[in-house]
Amino acid sequence: NNQVAPPVSARIPDYACQRHTPLQHHNTKFTDALEILEKYADLRYDDQDYSRALAFRRASCVLKSLSRPLSRLSEIQNVTHIGSHSQKVIQEILEDGTSEEVEKICADPWFQKMKLFTAIFGIGPARAKEFIAKGWSSIQEVRDGCTSSDWRIQWGLAFHEDLTTPVTRAEADYILGVVRRHVDRVLPGAVMELTGGFRRGKQTGHDVDILIMHPLENKIIGALPRLLQSLQSHDIVLCGRHERSTYHEELLTQNTKLSPRGQLDHFEKWIGIIKVPNKIRIKNDQSDKTSSHQLGNNKCNTDMKENKDKCENRNFQSDKNTDSCKRDVGNESVLYQRQEDTLDSGSAISDSLEDVWESLDKASSSSSPSHGNPREVKASQGDWIARRVDLIISPFSQFFYALVGWTGSKQFNRDARTYAEREMNMKLSSHGLYDFNQGKQLVASSEREVFDNLKLPYFEPQDRNC
Ligand code: ATP
Ligand code: MN
Ligand code: MN
């Protein structure tokens, strides 16, 4: 049979945000290799030349969006995003099944050490290179020799094994459930969304990203410090750092350069580590059973099935005039409406907001923003595992842009922002969309409207896995 499949190149749009990119695709043998080259370029050339790494990422992204396995190079020869280096590697794999260059990189001790060290929470390529220069090649050598006072590195080293054990979907749902309970106490009526890789359908992740919003714009003021106090008083938090919002409206139009490793936004957020009972991870495949978990002195019943259902993809509709936010779950519409603030006086939550801010700021500026020394906490670790959590709080008016930004993937965001700038004369960020043609901000009251405003077809989170 001499029939040649038509070239796929004609149908491939330029930007990843214009293409379906599912989690499961047909070209992993190529994309795995290209992503090793990306990682290597990223670690080798980091700050000076990220374009090399990006070139491999773009090529890999295109292959992920193909609806069938690539069988000959001619099918993609004219695709702009697949450069000559990537083509060479693809050709090699088509012919021999493997790429010699990639094999060499994988066997390179420098690369192995860099991957090992940059997997430590708080360690970037620059510091990893310092460790290698000192002659270290194991985590234990870093533990023995590293004198950094950075809280992330100290906790990252003490809990390295925990933090490099993939977080399961069941754990993410559990964490969402726990946070929801505390959010309901300190910020009734808030809407929460599990974002990041889990929202894109991944079964495991390196952390749990949770976006929080309240339909009433001003309600979120002080909510995150109260939430953290509530979590801390139940002995759930290991350590973390609270960051105040640095947002101001001029940022909407300012042309700030996108940082190579995921763009920074200006939301108030908390980056930290919490404890999750071991049984949650172990019971992963029975996650539809109702279970009850003992947390500190308080009994916390988490209905895993309910959480799971709530985490299915859904669309929001919101209405600023009625202080409500409608969410579609399947055929059902759930209306989120403002509730009376009912902080119970018996809780350990401080009445004075400034006190809360102060104590949190003090905690996060010290080297170990938590109770105790990381190594000692590790030595007396109970039946729980340490998990990385990001809590982000967004004003209602920015929520759907924040949702798109925090759902990712990073490459999806990168391309969506480049597309907005080059094709639409707009500026997209996690805070909003500014249209330079009209000289105004474009509001969105659903995720779909974010895409509409950009004149992009809508893609579900599970199709944004570029
Ligand atoms: P994993 O499953 O490994 O956690 P992930 O896709 O969830 O992968 P994260 O690093 O947790 O990756 O980031 C989640 C999303 O939030 C990404 O789309 C990323 O661009 C965005 N993001 C992460 N950190 C920041 C930050 N500091 N500021 C703004 N956006 C961020
Ligand atoms: Mn994540
Ligand atoms: Mn994260």
Side-chain angles (χ1 to χ4, degrees), residues 16-17 21-23 35 38-39 42 50 53-54 57 60-61 64 115 118-124 152 156 162-173 175-176 179 192-212 224 240-247 251 256-274 276 311 386-394 398-418 420 427-432 447 450 459-466:
C17 57
T21 315
L23 203 53
E35 281 171 22
E38 179 204 8
K39 181 90 190 162
D42 177 30
Y50 193 71
L54 269 185
R57 165 61 57 168
S60 159
C61 262
K64 286 182 187 176
K115 277 202 301 185
T118 54
I120 303 166
F121 180 43
I123 298 293
R152 291 174 307 164
D162 286 31
L163 297 179
T164 48
T165 302
V167 181
T168 62
R169 178 82 211 194
E171 287 178 296
D173 289 343
I175 292 168
L176 186 69
V179 175
M192 292 176 52
E193 191 68 25
L194 181 62
T195 62
F198 285 112
R199 186 157 187 263
R200 301 196 308 274
K202 282 176 66 179
Q203 287 306 304
T204 59
H206 96 281
D207 69 353
V208 177
D209 308 286
I210 297 173
L211 180 62
I212 303 164
L224 194 55
R241 187 187 174 87
H242 174 258
E243 292 173 13
R244 292 197 194 205
S245 167
T246 52
Y247 177 76
L251 287 167
T256 42
K257 190 102 185 87
L258 302 181
S259 87
R261 283 187 200 87
Q263 309 76 11
L264 291 180
D265 63 34
H266 300 269
F267 289 116
E268 181 185 353
K269 56 176 79 75
W270 182 81
I271 289 162
I273 303 176
I274 69 158
V276 170
C311 292
R387 257 66 184 91
R388 272 274 300 110
V389 173
D390 289 335
L391 302 175
I392 306 97
I393 193 151
S394 157
Q398 300 171 17
F399 177 71
F400 295 99
Y401 289 101
L403 186 57
V404 171
W406 276 87
T407 298
S409 68
K410 286 191 181 87
Q411 188 57 28
F412 182 91
N413 291 345
R414 232 182 247 132
D415 266 20
R417 287 165 199 209
T418 308
K427 188 187 168 187
L428 173 69
S429 72
S430 291
H431 300 280
E447 218 177 2
V450 173
F459 292 103
E460 297 288 351
Q462 59 265 32
D463 287 321
R464 301 179 207 160
N465 282 294
C466 18

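Computed from heavy atoms alone, side chains included, the values below leave out hydrogens, waters and symmetry copies. As the structure lists them, so they are numbered: ligands from 1, and atoms in each ligand from 1.
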Test side chain to side chain donor-acceptor pair (under 3.5 Å) applied to Thr407 and Arg200, Glu193, Arg199, the passing residue: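 Filter result, single survivor: Arg199.
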
Enumerate the atoms of ligand 1 whose separation from the nearest heavy atom of [X] is less than 4.0 angstrom.
{"X": "Gly408", "answer": "18 (O)"}
{"X": "Lys202", "answer": "1 (P), 2 (O), 3 (O), 8 (O)"}
{"X": "Gly205", "answer": "2 (O)"}
{"X": "Asp209", "answer": "7 (O), 11 (O), 14 (C)"}
{"X": "Ser409", "answer": "18 (O)"}

I need the [X] [atom1] to [Y] [atom2] distance, nearest 0.5 Å.
{"X": "Arg169", "Y": "Lys202", "atom1": "CZ", "atom2": "NZ", "value": "12.0 Å"}
{"X": "Ile392", "Y": "Ser245", "atom1": "CD1", "atom2": "OG", "value": "13.0 Å"}
{"X": "Ser430", "Y": "Phe399", "atom1": "OG", "atom2": "CZ", "value": "12.0 Å"}

Phe412 six-ring face occupied by Arg464 cation (under 6.0 Å, within 45°): yes

Donor-acceptor contact below 3.5 Å, side chain His431 vs main chain Tyr247: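 Looks like no, no N/O pair under 3.5 Å.
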
N/O/S atom name from Asp207 that is nearest to the position of the Mn ion (ligand 2): OD1

Atom name of the N, O or S atom in Asp209 that lies nearest to the Mn ion (ligand 2): OD2

Pair Asp265-Trp406, side-chain donor/acceptor within less than 3.5 Å: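 Per modelled atom types, Asp265 and Trp406 side chains form a pair under 3.5 Å.
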
Tell me whether [X] has any N or O atom under 3.5 angstrom from an N or O of ligand 1.
{"X": "Thr204", "answer": "no"}
{"X": "Gly196", "answer": "no"}
{"X": "Lys269", "answer": "no"}
{"X": "Lys410", "answer": "yes"}

Residue pair Glu243, Glu268: steps toward the side chain to side chain contact (heavy atoms under 4.5 Å, CB included) verdict: CA-CA 6 Å; Glu243 292 173 13; Glu268 181 185 353; over 6 Å; no

Contact with ligand 1 for Ser430, non-hydrogen, under 4.0 angstrom: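 Outside the 4.0 Å threshold, so no.
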
Name, closest N/O/S atom of Asp390 to the Mn ion (ligand 3): OD2

Sidechain N-carboxylate O distance under 4.0 Å for Asp390, Arg388: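 Looking at Arg388 together with Asp390, the answer is yes, because their closest N to O distance falls below 4.0 Å.
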
Minimum non-hydrogen distance to atom 4 (O) of ligand 1, winning option of His206, Gln203, Arg200: His206

Result of checking Thr168, Leu163, Asp207, Ile175 against Arg387 for side-chain contact (heavy atoms from CB on, under 4.5 Å):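 One option only clears the test, and that one is Ile175.
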
Contact partition for Asp207 relative to ligand 1, non-hydrogen atoms under 4.0 Å: both

Location of contacts on Asn413 toward ligand 1, heavy atoms closer than 4.0 Å: side chain

